[in-house]
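Reading through the structure tokens given below for one structure.
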Amino acid sequence: MKYDSNIRNVIERIMIAYNVKTIKGIADLMNVSSSVIGNRIHRDSFPHDLVLTCILDTGVNPKWLCTGEGDPKIDGIKIDKKSIQLSVDDLEKLERIGALMKDNLITESEYQLLKNSIFSK
């Protein structure tokens, strides 16, 4: 499958999938800054991570999202949102390791190891 080389079109389809009108809106939903999305458009860099997140969050048709071809919805697919219960203590641990990761004090693999230790209880 050849994806749409106009990255702005891909971002606009992500906005349609999330039913938001602005880049800031999808940035907030995806927990990234608007500048991350703006840079992808400016640098003409395909937003693989944003596309995958959108597919998982919305159940949108991957082919439509990447190429603009076909129907945005996949017939017969229903996305069930799952939820988890976290204690206040576990939530505080997640926030702390997130801050460590943000400040580049731990590596991605260390972050994943610590995060998984919280959810493996």
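All figures in this text were calculated on a predicted structure; none of them were measured in a lab.
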**Item:** Minimum side-chain heavy-atom gap Asp49-Arg40 below 4.5 Å
**Value:** yes
**Prompt:** With sequence neighbours left out, what residues match Glu12 under side chain to side chain donor-acceptor pair (under 3.5 Å)?
**Reply:** none
**Asked** Can you name the closest pair of heavy atoms from Gly25 and Val20 and give their distance?
**Response** C-CG2, 4.2 Å
**Request:** Taking side chain to side chain contact (heavy atoms under 4.5 Å, CB included) as the test, write out the residues that go with Leu52, two or more places apart.
**Result:** none
**Message:** I'd like to know if the side chain of Asp103 reaches the main chain of Leu105, judged simply by a donor and an acceptor atom lying under 3.5 Å from each other, with no hydrogens or angles considered.
**Reply:** no
**Message:** For residues Ile97 and Leu113: do they belong to one hydrophobic cluster (side chain heavy atoms under 4.5 Å, members Ile, Leu, Val, Met, Phe, Trp, Tyr)?
**Reply:** no
**Request:** Apply side-chain contact (heavy atoms from CB on, under 4.5 Å) to the pair Ile16 and Val60, showing each step before the final yes or no.
**Result:** CA-CA 10 Å; Ile16 291 168; Val60 71; over 6 Å; no
**Asked** For Thr107, which residues count as a side chain to side chain donor-acceptor pair (under 3.5 Å) partner, sequence neighbours excluded?
**Response** Ser109, Glu110
**Item:** Close side-chain approach of Ile14 to Cys54, heavy-atom, < 4.5 Å
**Value:** yes
**Item:** Nearest-0.5 Å distance, CD of residue Glu108 to CE of residue Met101
**Value:** 4.0 Å
**Request:** List the steps and the verdict of side-chain contact (heavy atoms from CB on, under 4.5 Å) for Val10 and Phe46.
**Result:** CA-CA 8 Å; Val10 176; Phe46 191 81; 3.9 Å; yes
**Request:** Can you measure from CG (Leu114) to CG (Leu100) and round to the nearest 0.5 angstrom?
**Result:** 8.0 Å
**Polar side-chain atom of Arg13 near backbone of Leu65 as donor-acceptor pair, under 3.5 Å** = yes
**Gap between atom CE of Met15 and atom CD1 of Ile26 - 0.5 Å precision** = 6.0 Å
**Complete:** Note: Lys115 and Leu94 closest approach over all heavy atoms is CG-CD2, 3.9 Å
**Rounded distance [0.5 Å steps], NZ in Lys24 versus CG in Leu29** = 10.0 Å
**Asked** Under 4.5 Å between any side-chain heavy atoms of Asn39 and Ser45, yes or no?
**Response** no
**Fill in**
Nearest heavy-atom approach of Leu50 to Met30 is O-CE, 3.0 Å
**Asked** Around atom CG of Asp44, are there more than 12 heavy atoms of other residues, nucleotides or ligands at under 6.0 Å?
**Response** yes
**Prompt:** Closest heavy-atom contact between Ser33 and Ala27?
**Reply:** C-CB, 3.8 Å
**Asked** Side chains of Asn116 and Tyr111: does their closest heavy-atom pair fall under 4.5 Å?
**Response** no
**Message:** Looking at Arg96, I'd like to know if its CZ atom is crowded, meaning that more than 12 non-hydrogen atoms belonging to other residues, nucleotides or ligands lie closer than 6.0 Å.
**Reply:** yes
**Heavy-atom neighbours of His48 NE2 exceed 12 at 6.0 Å** = yes
**Item:** Interatomic spacing from OG1 in Thr22 to CD1 in Ile37 - rounded to 0.5 Å
**Value:** 9.0 Å
**Request:** Could you check if a side-chain atom of Trp64 sits within less than 4.5 angstrom of a side-chain atom of Asp71, using non-hydrogen atoms only?
**Result:** no
**Item:** Minimum heavy-atom distance Ile55-Pro62, with the two atoms named
**Value:** CD1-CB, 3.6 Å
